Amino acid sequence: MGVKGFVEGGIASIIAGASTHPLDLIKVRIQLQGESHLPNPAMQPGFRPALAFTSATASMPSTFCAPAPQPPRVGPVSLGLRIAQTEGVAALFSGVSATILRQTLYSTTRMGLYDILKRKWADPESGNLPLPSKLAAGLVAGGVGAAVGNPADVAMVRMQADGRLPMHQRRNYKSVIDAIREMSKHEGITSLWRCSSLTVNRAMIVTASQLASYDQMKEVILEKGIMKDGIGTHVVASFGAGFVAAVASNPIDVIKTRVMNMKVEAGATAPYSGALDCAMKTVRAEGPMALYKGFIPTISRQGPFTVVLFVTLEKVRELLKDF
């Protein structure tokens, strides 16, 4: 039963990750907007997004002494169209090989381990598991999965962000394997686990909020007789779980994206010395709401991803129930 949970979770995660990859790419590009160390910030697109927060969006130089005007932000729809027009439609799938590898390593591990822990900790008689235990199972499963999948996560972020850099600064990784090889060669093996603490923390929060809230919402819907067990229940519970996960994880996701994507030249000072430094610079330069940059594309991606994930998972479980 343990192996079966890994297989079911892995299949569902790969399908969900690959199908929603363009939304994830747009989210990453938006989260990187406004970084003051960009070589030419004026190159960033100049559209304002929906639900933009304008009260604290002025960027500041590294000394943080005087504010400087910040280029207007580009929204998810405008950015998606801009990417397709300037880089080609295929650019929306930049880094999809890394996404598939990441889901194979990270999500397969977390989904399978969560299933094992949920079964082990459930009440032997009723089979029920209280919400705190579900959250604990999600925290453990997410942390382990993130540690396993971090190299693919770093490669995915870099491949997704590459198109926003000037041509002479692009990394131009050919695939996730090429990205991992190049990072290991030029930046050392440890670069594959850059920002791993943030990745683990984010994964713990996402897994706990996503998987536990899905199970809890599904149980409540069925117990209250609101809906019968079927695709309607699965869609409602999974979209609710996606919203909870997006709200809980977005600030960590912004910091993780920026630290993973930073380019460190030999002998030069890194833009960020770590996650805390990145968070402080981001907030001071762009305001607290910068930690919720990309929230619209995050929920736009997290919602469909979670729906596809759990609907596919339920169908795969039906297909494999006799095995």
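Values reported hereafter were calculated over all heavy atoms of this structure, with side chains retained and with hydrogens, waters and symmetry mates removed. Keep in mind the model is a prediction, meaning the values are calculated, not measured.
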I need the minimum non-hydrogen distance between Ser249 and Ala245, along with the two atoms involved. OG-O, 2.7 Å
Evaluate the criterion salt bridge (charged side-chain N to carboxylate O under 4.0 Å, His left out) for residue pair Glu182 and Arg158; output intermediate values, then yes/no. CA-CA 12 Å; Glu182 288 296 309; Arg158 290 189 172 197; over 6 Å; no
Give a yes or no on whether the backbone of Asn172 and the side-chain of Asp162 come within a donor-acceptor separation of less than 3.5 Å. yes
Enter the distance from Met227:CE to Ile221:CD1 here, rounded to the nearest 0.5 Å. 6.5 Å
Let's go through Glu219 and Lys134 carefully: what are the C-alpha distance in whole Å and the side-chain angles of both, what is the deciding distance for side chain to side chain contact (heavy atoms under 4.5 Å, CB included) to 0.1 Å, and is it a yes or a no? CA-CA 12 Å; Glu219 286 178 12; Lys134 290 174 187 164; 2.9 Å; yes
Verify side chain to side chain contact (heavy atoms under 4.5 Å, CB included) between Asn250 and Leu291, making sure each step is shown before the conclusion. CA-CA 7 Å; Asn250 203 90; Leu291 296 177; over 6 Å; no
Could you tell me if the side chain of Lys4 sits less than 4.5 Å from the side chain of Arg317, heavy atoms only? no
Please examine the side chains of His186 and Arg181, heavy atoms only from C-beta on, and report whether any two atoms are closer than 4.5 Å. no
When rounded to the nearest 0.5 angstrom, what distance separates OH in Tyr106 from CE in Met111? 10.0 Å
Please find the pair of heavy atoms, one from Ala18 and one from Thr99, that lie closest to each other, and give the distance. N-CG2, 4.3 Å
Run Asp153 and Lys256 through side chain to side chain contact (heavy atoms under 4.5 Å, CB included) and show every step you take. CA-CA 10 Å; Asp153 205 358; Lys256 177 183 75 73; 3.5 Å; yes
Donor-acceptor contact present, side-chain Thr108 to main-chain Leu105, <3.5 Å: no
Do Arg284 and Lys281 have side chains that get closer than 4.5 Å, going by heavy atoms? no
Side chains of Tyr214 and Leu309, heavy atoms from C-beta outward: is any pair under 4.5 Å? no
With rounding to the nearest 0.5 Å, note down the distance linking CZ in Arg29 to OG in Ser94. 6.5 Å
Shared hydrophobic cluster for Val176 and Val154 (ILVMFWY, side-chain gaps under 4.5 Å): yes
Val247 and Pro251: which non-hydrogen atoms are nearest, and at how many Å? O-CD, 4.1 Å
How many angstroms lie between CG in Asp24 and OG in Ser300, if you round to the nearest 0.5 Å? 12.0 Å
Thr257 side chain vs Asp253 backbone, donor-acceptor pair below 3.5 Å: yes
Any side-chain donor-acceptor pair under 3.5 Å between Arg110 and Thr207? yes
To the nearest 0.5 Å, what is the distance between CG (Leu211) and CG (Leu139)? 10.5 Å
May I ask whether Leu129 and Met204 are part of the same hydrophobic cluster, defined by side-chain heavy atoms of I, L, V, M, F, W, Y residues being less than 4.5 angstrom apart, directly or through others? no
Looking only at side chains, do Ser196 and Asn150 share a donor and an acceptor under 3.5 Å apart? no
Is a donor from one side chain sitting under 3.5 angstrom from an acceptor on the other, for Gln103 and Ser107? yes
Atom pair CD1 (Ile116) and NZ (Lys118), whose distance is rounded to the nearest 0.5 Å: 12.0 Å
So does Gly163 get a backbone contact from the side chain of Arg170, meaning a donor-acceptor N/O pair under 3.5 Å? yes
Side-chain heavy atoms of Glu314 within contact of Lys218, under 4.5 Å: yes
Show the nearest heavy-atom pair for residues Ala275 and Leu198, with the distance to one decimal. CB-CD1, 3.3 Å
Quick check: is Ile26 connected to Val77 through a chain of hydrophobic side chains (ILVMFWY, heavy atoms under 4.5 Å apart)? no
Of all heavy-atom pairs between Val28 and Ala161, which one has the smallest distance, and what is that distance? CG1-CB, 4.4 Å
Would you kindly confirm whether Val311 and Leu320 end up in one hydrophobic cluster when ILVMFWY residues are joined by side chain heavy atoms under 4.5 Å apart? no
Within the structure provided, determine whether Leu192 and Glu187 are in side-chain contact (heavy-atom separation under 4.5 Å). no
Pairing residues for Tyr114 by the ring pair (Phe, Tyr, Trp, His ring centres under 6.0 Å) criterion, not counting sequence neighbours: none
Looking at Ser175 and Asp178, would you say the former's side chain and the latter's main chain have a donor-acceptor pair under 3.5 Å? yes
I need the minimum non-hydrogen distance between Ala203 and Gly142, along with the two atoms involved. CB-O, 3.3 Å
Look only at the side chain of Lys293 and the backbone of Val254, and say whether a donor-acceptor pair between them is shorter than 3.5 Å. no
Validation row: Met260, Thr199 side chains within 4.5 angstrom (heavy atoms): yes
On the six-membered ring of Tyr173, is Arg171 placed so that its NZ or CZ lies under 6.0 angstrom from the centre and within 45° of the ring axis? no
Considering only distance and modelled atom types, tabulate donor-acceptor pairs under 3.5 Å from the side chains of residues 237-244, sequence neighbours left out.
unit_1 : atom_1 : unit_2 : atom_2 : d
Ser238 : OG     : His234 : O      : 2.6
Ser238 : OG     : Val235 : O      : 3.0

Donor-acceptor pair, side chain of Trp121 and main chain of Pro130, under 3.5 angstrom: no
Check for me, please, whether Ile231 and Val308 land in the same ILVMFWY cluster - side-chain distances under 4.5 Å, paths through other members count. no
Please examine the side chains of Lys228 and Thr233, heavy atoms only from C-beta on, and report whether any two atoms are closer than 4.5 Å. no
